[in-house]
Protein chains: 2
Amino acid sequence: MKLTPVMEKYILHWGEMGTRWGVNRTVAQIHALLYLSENPLNAEEITETLGVARSNVSTSIKELQSWKLVKNEPQLGDRREHFATMKDPWELFYAIMEGRKQRELDPTMSVLRECVLESEADKSTPEEVKQRMKDVLEFMEILDTWHAQIKGLPKSTLLKLIKLGAKVKNFLTKK
Amino acid sequence: MKLTPVMEKYILHWGEMGTRWGVNRTVAQIHALLYLSENPLNAEEITETLGVARSNVSTSIKELQSWKLVKNEPQLGDRREHFATMKDPWELFYAIMEGRKQRELDPTMSVLRECVLESEADKSTPEEVKQRMKDVLEFMEILDTWHAQIKGLPKSTLLKLIKLGAKVKNFLTKK
DNA sequence: CATTAATTTCTGTAAAAACAGAAACTAACC
DNA sequence: GGTTAGTTTCTGTTTTTACAGAAATTAATG
């Protein structure tokens, strides 16, 4: 696939940003490429367009699939696998949120619960310290509940809500 | 400072999580230590407690300060600098959000604007591709506006809002 | 303003991550 | 069932990042 200068700029920047949040350059670049692309691409096309090793593409696609950001899109009359990503930024955002929750929030909450539990029969740890661990856990549980509820809302509702912005506090006080 | 087993567990886990979101182990560990600690700690104490080099502590503290997660807390009758972090998870969360916005959202929006601008006089890039760049930019602008408004709200309002959760849609439809 | 405590910056090394290329594997088709 | 196209896994190299220790800098105190 032929890249125009703007497309290249977009993809290169996306690649750099990827490294900021724990996904490597190639993974992020592939995602950007698929996002811009009109139609699904096969691994070979990705390899050529981005100038990376075929094996690297394979690994990166798997990574993107684990984030549910890329799906297979079989093409009639072509054995090769073709890949595409969602075009709606909201959906992408949701998927990334979900992925981060699973990779960051969930394991941390689980360790925190262990800590809180272990600290109950623990004479050596000061009460204030135990309390602080509980505070973090509680905070994360709030985030978690909120996330679960938000997830179920249709995009349109969410958009309204966000657009409402700070005015939302009027609703709350009126209630 | 003496660590009890639970504290150690907490700090070690936090260190691991740190690596997931672009901050290195030591930085995250120091933050966790300061969070649990009753009182501000000086660099030497941090060094001893965590078993890392003094220079490493210095660099990491600077990093934490750049995130506004750690502040100096001078102690009477002690020349050495003492460091502390906020104890309120909400404040921590805000600071991290703000930091991420500055490091991730802002530069990306700026590149995106350039892309959209450059693509106007660009015959080679397909319209659909240009549109997709605009879509991402628009999405990020919504996030950005939302963030700015939320930032101004008192914590109590935000808490109410989050606790309200999915029920919030009732307010919207009624309106 | 010299002395010493405290901190930061610099430099080299160790550890981790990203990646290319090769080898191994899988499955479609003749 | 052999052949070929397609894909994944493995292995070694390169690049990047984290870090310790030393050197340099800063600032407080007598």
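Every chain is numbered from 1 and lettered A, B, ... according to where its sequence line falls, protein lines coming before strand lines.
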If you look only at pairs with a residue in [range], which of them pass as a salt bridge (charged side-chain N to carboxylate O under 4.0 Å, His left out), with sequence neighbours excluded?
range	result
residues 46-68 of chain A	none
residues 23-36 of chain A	A:E16-A:R25
residues 104-113 of chain B	B:R100-B:E104, B:K101-B:D106, B:R113-B:E141

Take the protein atom [atom1] of [X] and the nucleotide atom [atom2] of [N], then report the distance between them rounded to whole Å.
X	N	atom1	atom2	value
B:L50	D:dA20	CG	C1'	15 Å
A:N72	D:dG6	CG	P	15 Å
A:L41	D:dG6	CG	P	15 Å
A:R20	D:dT16	CZ	P	15 Å
A:I46	C:dC19	CD1	C1'	16 Å
A:L76	C:dA28	CG	P	15 Å
A:Q75	D:dG6	CD	P	14 Å

Report, one pair per line, the protein and nucleotides 2-9 of chain C atoms (nitrogen or oxygen only) whose separation is under 3.5 Å.
residue: C:dA5; atom: N3; partner: B:R79; partner atom: NH2; Å: 3.3
residue: C:dT7; atom: OP1; partner: B:E81; partner atom: N; Å: 2.4
residue: C:dT7; atom: OP2; partner: B:R54; partner atom: NH2; Å: 3.4
residue: C:dT8; atom: OP2; partner: B:S58; partner atom: OG; Å: 2.9
residue: C:dT9; atom: OP2; partner: B:K62; partner atom: NZ; Å: 3.2

Please indicate whether B:K71 has more than 12 foreign heavy atoms, meaning atoms of other residues, nucleotides or ligands, lying under 6.0 Å from its NZ. yes

Tell me whether [Y] is reachable from [X] by hopping between hydrophobic residues (I, L, V, M, F, W, Y) whose side-chain heavy atoms are closer than 4.5 Å.
X	Y	answer
A:M17	B:L105	no
A:M1	A:L12	no
A:M133	A:L117	no

Polar side chain donor-acceptor pair, [X] to [Y], under 3.5 angstrom:
X	Y	answer
B:S119	B:D122	no
B:Q65	B:N72	yes
B:H82	B:E45	no

Could you check whether A:W14 and A:Y10 have their ring centres less than 6.0 Å apart? yes

Where DNA chain C forms runs of at least three Watson-Crick or G-U pairs (i with j, i+1 with j-1, under 3.5 Å), the stems are C:1-30 with D:1-30

For nucleotides 13-16 of chain C, list the nitrogen or oxygen atoms of the protein found under 3.5 Å from its nitrogen or oxygen atoms, one pair per line.
none

